[in-house]
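A quick write-up on the structure given underneath.
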2 protein chains.
Amino acid sequence: MRLTTKGRFAVTAMIDLALRQNNGPVTLAAISQRQQISLSYLEQLFGKLRRHELVESTRGPGGGYSLGRKAAEITVADIIVSVDEPIDATQCGGKENCLGEGNRCMTHELWAALNAKMVDFLDSVSLQSLVDEQLAKGVVVENAPMIKRAISSAPVVKPIRVNAPNSVFALGGAAFSK
Amino acid sequence: MRLTTKGRFAVTAMIDLALRQNNGPVTLAAISQRQQISLSYLEQLFGKLRRHELVESTRGPGGGYSLGRKAAEITVADIIVSVDEPIDATQCGGKENCLGEGNRCMTHELWAALNAKMVDFLDSVSLQSLVDEQLAKGVVVENAPMIKRAISSAPVVKPIRVNAPNSVFALGGAAFSK
DNA sequence: GGTATACTCGATCAAAATAGTCGGGAAAGA
DNA sequence: TCTTTCCCGACTATTTTGATCGAGTATACC
């Protein structure tokens with residue numbers, strides 16, 4: 001399992017989306033403003049999320065994104081795998097004998113145990129549970145502005161590199177193989 | 001919680017160490033060969049692990065590294081935090097109102113929930129449990145060559161970028177803040 | 001039809017992290 | 001003294017991150 005800020009952004013954005021999709025599709029511009037993530041970056045992330053069918057898109061005025069299936073049926077593992085993509089996995093090729101020398105890919109073996117635990121764990125956390133937690137905390141979700149196309153020119157937020165490049169607990173950039 | 005290949009390497013190396021430390025200190029050179037991790041990189045990682053007192057070092061012939069405390073008392077979270085270091089955490093500064101606009105650092109709030117879960121989880125996995133799993137799997141641990149300084153010139157392994165730069169489940173490079 | 005909204009796609013880019021190299025030390029044992 | 005092993009700092013190549021820009025396409029509404 002690979003965990004990066006990329007994954008963090010994706011999860012955060014998905015929670016934001018889940019919290020608000022009752023009022024119809026949510027635009028990336030809105031998520032960008034609320035979560036301080038650059039619009040272009042969100043576009044990239046949601047491109048992947050859409051290809052993995054975690055979200056659906058609606059174009060044109062009043063359009064935006066909605067969840068591809070119920071929040072309860074989307075897990076954190078789903079989201080993270082979607083944005084981190086890469087398909088390979090095992091350095092050796094996945095089969096038994098990677099190094100002729102008797103010990104078939106011990107490196108890979110050692111890691112596999114923890115990795116499996118991680119995957120299982122993240123797969124047990126649903127988007128819905130995170131949403132519920134937010135609601136329980138009393139997060140206020142502005143209620144549907146039924147007027148479409150509201151005030152057009154909200155001040156464009158120009159996010160300056162705000163992300164903690166090195167949080168203590170940061171999902172970092174490499175490999176939980178398999 | 002931040003998870004990188006760096007963390008993977010560290011965990012893998014620690015399991016290797018734990019599996020073998022009964023026969024006295026384990027050299028980085030040995031771990032390097034078995035786990036296919038570059039010696040210099042291991043030195044960097046073990047420097048951090050030592051500063052965090054997860055391992056102890058012994059210099060000179062017959063020297064090497066041993067665990068700083070019992071494997072049962074070392075958690076995966078300990079290891080990962082050690083090599084990933086960074087101390088900051090919350091993009092905002094940790095306090096309540098990061099953005100004047102009523103919503104105090106929602107971005108951070110949203111993420112915090114999942115992050116806490118991750119930390120709790122990784123803190124619940126002990127090095128010992130991973131070691132036990134390996135032993136149960138029947139991993140063969142060569143028994144103590146009681147002859148110190150054995151065959152000196154085992155072919156030096158020159159690890160070519162062997163790490164899956166993009167494993168499906170890779171611990172990636174960024175931020176689980178806090 | 002025209003226009004504004006919104007997603008879609010691709011190329012490009014600076015900064016950071018990852019993973020590794022190199023070389024010179026310093027302690028300890030034989 | 002020689003060898004082994006840890007120790008440390010500087011330096012480097014590659015990859016990833018996160019962001020920007022520009023050119024599209026689909027849709028709604030007037």
Side-chain angles (χ1 to χ4, degrees), chain A residues 2-10 24-32 36-51 55-66 83-86 148-150 152-153 158-167 170-175, chain B residues 2-10 24-32 36-51 55-66 83-86 148-150 152 158-166 170-175:
Chain A
R2 175 183 224 222
L3 298 173
T4 33
T5 35
K6 203 171 186 170
R8 176 182 113 193
F9 282 142
V26 180
T27 68
L28 291 190
I31 298 178
S32 169
Q36 301 288 302
I37 305 171
S38 101
L39 178 57
S40 315
Y41 199 37
L42 276 178
E43 285 178 349
Q44 289 172 42
L45 297 181
F46 274 77
K48 294 182 178 185
L49 292 171
R50 181 175 51 83
R51 269 169 247 127
V55 298
E56 282 169 359
S57 62
T58 319
R59 296 212 213 189
Y65 284 93
S66 12
V83 297
D84 273 330
E85 304 238 31
K148 300 195 177 183
R149 244 186 287 158
S152 66
S153 53
K158 255 238 171 183
I160 36 163
R161 270 234 174 194
V162 95
N163 57 86
N166 258 335
S167 323
L171 286 157
Chain B
R2 175 184 226 221
L3 298 172
T4 33
T5 36
K6 204 171 186 169
R8 177 183 113 193
F9 282 144
V26 180
T27 69
L28 291 190
I31 298 178
S32 169
Q36 302 288 303
I37 305 172
S38 104
L39 178 56
S40 315
Y41 198 38
L42 275 178
E43 285 179 350
Q44 290 174 39
L45 297 181
F46 273 76
K48 295 182 178 188
L49 292 171
R50 181 175 50 82
R51 270 169 246 128
V55 299
E56 282 169 0
S57 62
T58 318
R59 296 208 212 191
Y65 284 93
S66 10
V83 298
D84 272 332
E85 304 240 30
K148 299 195 178 183
R149 243 183 291 155
S152 65
K158 257 239 173 184
I160 35 160
R161 271 240 174 188
V162 95
N163 57 85
N166 259 334
L171 285 156

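All chains are named by letter (A, B, ...) in the order of the sequence lines, taking the proteins before the strands, and each is independently numbered beginning at 1. Please read all numbers here as calculations on a predicted model, not as lab measurements.
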Practice item. State whether A/Tyr41 places a side-chain N or O below 4.0 Å from either non-bridging phosphate oxygen (OP1 or OP2) of D/dT16. Key: no
Exercise for review: For D/dT5, take OP1 and OP2 only and decide whether either is under 4.0 Å from a side-chain N or O of B/Arg50.
Suggested key: no
**Study point:** Test side chain to side chain contact (heavy atoms under 4.5 Å, CB included) applied to A/Thr58 - qualifying residues, sequence neighbours left out
**Key:** A/Pro25
Out of [options], which nucleotide sits closest to the side chain of [X]?
{"X": "A/Pro61", "options": "C/dC7, D/dC6, C/dA4", "value": "C/dA4"}
{"X": "B/Ser57", "options": "C/dT21, D/dC6, D/dT20", "value": "D/dC6"}
{"X": "B/Ser38", "options": "C/dT21, C/dT8, D/dC6", "value": "C/dT21"}
{"X": "B/Glu43", "options": "C/dC9, D/dC8, D/dC21", "value": "D/dC8"}
{"X": "A/Lys6", "options": "D/dA10, C/dT8, D/dG18", "value": "D/dG18"}
{"X": "A/Arg59", "options": "D/dG18, D/dC7, D/dA26", "value": "D/dA26"}

May I have the distance from [X] (atom [atom1]) to [N] (atom [atom2]), rounded to whole angstrom?
{"X": "B/Leu42", "N": "D/dT5", "atom1": "CG", "atom2": "P", "answer": "15 Å"}
{"X": "B/Ile37", "N": "C/dT18", "atom1": "CD1", "atom2": "C1'", "answer": "13 Å"}
{"X": "B/Leu45", "N": "C/dG20", "atom1": "CG", "atom2": "C1'", "answer": "11 Å"}
{"X": "B/Phe46", "N": "D/dG9", "atom1": "CZ", "atom2": "P", "answer": "19 Å"}
{"X": "B/Leu28", "N": "D/dT4", "atom1": "CG", "atom2": "C1'", "answer": "13 Å"}
{"X": "B/Glu56", "N": "D/dC7", "atom1": "CD", "atom2": "C1'", "answer": "16 Å"}
{"X": "B/Gln44", "N": "D/dT12", "atom1": "CD", "atom2": "P", "answer": "15 Å"}
{"X": "B/Leu49", "N": "D/dC6", "atom1": "CG", "atom2": "P", "answer": "13 Å"}

Exercise for review: Assign B/Thr27 to base, sugar-phosphate, or nothing according to its heavy-atom contacts below 4.0 angstrom with the strands shown.
Suggested key: sugar-phosphate
Review point. So what does A/Tyr65 touch, heavy atoms closer than 4.0 Å: a base, only the sugar-phosphate, or nothing?
Key: sugar-phosphate
Check your understanding: Judged by atom type as modelled, is there a donor-acceptor pair below 3.5 Å linking the side chain of B/Ser32 to the main-chain atoms of B/Ser38?
Key -> no
Point to revise | Closest-nucleotide ordering on DNA chain C, the 5'-leading residue of A/Thr58 and A/Ser40 | key: A/Thr58
Check your understanding: Please walk me through it: do B/Tyr65 and B/Leu49 pass side-chain contact (heavy atoms from CB on, under 4.5 Å)?
Key -> CA-CA 10 Å; B/Tyr65 284 93; B/Leu49 292 171; over 6 Å; no
Review point. How long is the span from the CD atom in A/Glu43 to the CZ atom in A/Arg50, to the nearest 0.5 Å?
Key: 11.0 Å
Exercise for review: Please lay out, stage by stage, how B/Lys6 and B/Phe9 fare under the test side-chain contact (heavy atoms from CB on, under 4.5 Å).
Suggested key: CA-CA 5 Å; B/Lys6 204 171 186 169; B/Phe9 282 144; 5.7 Å; no
